[in-house]
There are 2 protein chains.
Amino acid sequence: MIVKKDVTIYDIAKSANVSPATVSRVLTSNPLVKESTRQMVLDKMRESGFTPNESARSLTKKQTNLIGFILPDISNPFFSQVFIEFERLALEKGFTVLLRNSMDNSEIEAIHLREFSERRVECIIFMGGRINKAKPEKKELEEMSTVMKRVPIIMVNGKMKGMNGYNVRTDEVGGIEAAIEYLLALGHRKIAYLGEKKGVTATDIKIATYKKTLKKNQISIVPKWQIYSDFNIEGGRKATRTLLESDQLPTAIMGMNDLVIYGVLKELRMQNIPIRTFSYVGFDDIFLSDIVYPSLTTVNHNYQILSMEMMNLFEMIKKGKEIKRVK
Amino acid sequence: MIVKKDVTIYDIAKSANVSPATVSRVLTSNPLVKESTRQMVLDKMRESGFTPNESARSLTKKQTNLIGFILPDISNPFFSQVFIEFERLALEKGFTVLLRNSMDNSEIEAIHLREFSERRVECIIFMGGRINKAKPEKKELEEMSTVMKRVPIIMVNGKMKGMNGYNVRTDEVGGIEAAIEYLLALGHRKIAYLGEKKGVTATDIKIATYKKTLKKNQISIVPKWQIYSDFNIEGGRKATRTLLESDQLPTAIMGMNDLVIYGVLKELRMQNIPIRTFSYVGFDDIFLSDIVYPSLTTVNHNYQILSMEMMNLFEMIKKGKEIKRVK
DNA sequence: TTGTAAGCGTTATCAT
DNA sequence: ATGATAACGCTTACAA
């Protein structure tokens, strides 16, 4: 296969009567070039439609300006908000984000990790999947530490057991407390909590917080009102069906994220149970919260702060490396 | 800044007592290598944690396996569904998708286009923004055609005037007809249509279809029921306010996409107008359609088919190029 | 202020 | 079946 030859700095050099080095200098905004030759070179570039080749550049500079980002599912509004905000920050700093959906599938995660390594990303942001497993598989741990030898991995809202890397998390405990106190203020004393999943790291502490906060307010705990489920709409529906089987019903329902609450609403509608039977609180501040009827009160996870913390941590890590490696 | 040296095929070659060429051969699965040396090399790779450098590879092969994807906003469920599906297909074919949000901002689009050029993506999928403008700016056209000289751009559901590139689109005319017929079947005769934007390519034909289909069914057109608005929730709210000002109200509301309908619902709720006052139809088959109360009937845009068509077109283009360039 | 040339980590052509 | 070696397109000492 014969490929049309790219315009290179050599071509530009020739047509501008300078050396390739000089062309490269204007490319890198090196101030040493005389303004007139600089303009000349720039003109030739425009004429010929020259675009620098990022692969070549990365190869010599040993730096790709790439950040890898693995998350379960970008169609989940919480993730998309976080991602967009992070992409915006990255753009400001001159970085390009590589997004990959894992669908919480360990094998897909592995594929993405490998690809990120080969593309020499300078950092990996990891959300969901294996980093939330209380008991990750040996293979998963090995993969992670292998990759981490090359490139820092920032785990968001998760911590793999037996793996110490970088972490960023939202204040989940604080969020749960805030949600419960909000409901108490509304006069609720019967509060259900749907949608954590056993075997996921943060689960235990969140459920513990739920119970502790209730106790602190002299409210007795009804075990049947704390129901595990998947993090999605289907999970919310299933949990609702379980909840409805209990002899006594709560007056308020907390969902582990908004999707779970949507599931609740959907199930209630399908069973012709009035939505107003309960009050609802979700945990992600996603744009839908505004839409569903009745409006959800959600505790603001604040993806902006989250994204910013991820970026800050990345820059700290990078700076640390640079300092360590100064000649 | 001193960087820890990467393990290269030279290192592997040395430790395996072969030449770098041989190492490269096992990397490319060249069948000419003896099985025993092949295993030897593979072992050494594992031991040393070797990962091939994609930049170097791209440089020599003049091929990056990268596809750029520009869309307005990945937090819009329609786009995220399309993207996920496309990413899945791309992964199957060994391609990596570079996602960029443009926020419909022309300058951001330009940044992404430039970056895609530098990264030598092999195709660009373009949704939203400038490709929907009935009257694109000269600068935008120039940018596009400059980029198109290097790499094919596939414009999805849009067609820039004065620009002939590759196009893929959903059957919007058919969708509108289907929606209206659905409403007619339900007995509606008073049908509003909210949410197209003047100056966007597909608008005219879609509105024409709306009118034509009504006429075909002997329904007179009420101009006040056809309201332009932005494609988002706010647009839907605004259009609703306008709609409510007309002396006569429709019984059904069609929205140009689901977000517009959400906006309608929200505005009605805020004005304490019963949701059941109207029936609703949106145009994107996004996962929320299921959730909102009352359920929306949406015309299936079928993002799976759309993604597949994008991928097919890309492969056709690629194949065409290869044929043209065979030695 | 500019040029020369080595090097970045691969692949691919030619020999052997 | 394997090895030498020239690309690929850029950056960056080092010289001039």
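Letters A, B, ... mirror the listed sequences (proteins, then strands); counts begin at 1. Everything quoted here is computed from the prediction, not taken from an experiment.
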Inset, instruction - Check the side chains of S55(A) and R120(B) for a donor-acceptor pair under 3.5 angstrom, ignoring hydrogens and angles. - result: no
Inset, instruction - Please determine which of F69(B), Y303(B), F79(B) meets the ring pair (Phe, Tyr, Trp, His ring centres under 6.0 Å) test together with F86(B). - result: F69(B)
Inset, instruction - For the residue pair E115(B) and T96(A), confirm or rule out a side-chain donor-acceptor distance under 3.5 Å. - result: yes
Legend entry - Whole angstrom value for the distance that separates C1' of dG9(C) from NZ of K14(B): 14 Å
Inset, instruction - Please check the phosphate of dG7(C) (OP1 and OP2 only) for any side-chain N or O of K61(A) closer than 4.0 Å. - result: no
Legend entry - Nearest-Å distance for atom pair CG/P, residues D6(B) and dC8(C): 11 Å
Legend entry - Modelled atom types, side-chain donor and acceptor of S58(A) and Q63(A), under 3.5 Å: no
Inset, instruction - Under 4.0 Å from any atom of DNA chain D, heavy atoms only: list the residues of residues 38-59 of chain B that qualify, in numerical order. - result: L59(B)
Inset, instruction - Compare every heavy atom of A16(A) with every heavy atom of M40(A), then report the nearest pair and how far apart it is. - result: CG-CB, 3.9 Å
Atom pairs, protein N/O to nucleotides 3-5 of chain D N/O, distance under 3.5 Å:
unit_1 : atom_1 : unit_2 : atom_2 : d
dG3(D) : OP2    : S19(B) : N      : 2.6
dG3(D) : OP2    : S19(B) : OG     : 3.1
dG3(D) : OP2    : T22(B) : OG1    : 2.8
dG3(D) : N7     : R25(B) : NH1    : 3.4
dG3(D) : N7     : R25(B) : NH2    : 3.4
dG3(D) : O6     : R25(B) : NH2    : 2.5

Inset, instruction - May I ask you to check whether E122(B) and N65(B) show a side-chain donor-acceptor distance below 3.5 Å? - result: no
Legend entry - Under 3.5 Å side-chain donor-acceptor pair for E140(A) and S106(A): yes
Inset, instruction - Rounded to the nearest angstrom, tell me the gap between atom CD in Q63(B) and atom P in dG9(D). - result: 14 Å
Legend entry - E85(A) versus Q81(A), side-chain donor and acceptor atoms under 3.5 Å: no
Legend entry - Salt bridge K62(A)-D6(B), side-chain N to carboxylate O under 4.0 Å: no
Inset, instruction - For DNA chain D, determine which residues of residues 27-36 of chain A have any heavy atom closer than 4.0 angstrom to one of its atoms, and list them numerically. - result: L27(A), T28(A)
Legend entry - Minimum heavy-atom distance between G158(A) and M155(A), given as atom pair plus value: O-CB, 3.8 Å
Inset, instruction - Specify the separation, in whole Å, of atom NZ of K62(B) and atom P of dT10(C). - result: 19 Å
Inset, instruction - Answer yes or no: does a side-chain N or O of T8(B) lie under 4.0 Å from OP1 or OP2 of dG9(C)? - result: no
Inset, instruction - Respond yes when some side-chain nitrogen or oxygen of S24(B) is under 4.0 Å from OP1 or OP2 of dT11(C), and no when none is. - result: yes
Inset, instruction - Using atom CD1 of I9(B) as one end and atom P of dT11(C) as the other, report the distance to the nearest whole Å. - result: 6 Å
Inset, instruction - Answer yes or no: is there an ion pair linking R88(A) with E92(A), defined by an N-O contact shorter than 4.0 Å? - result: yes
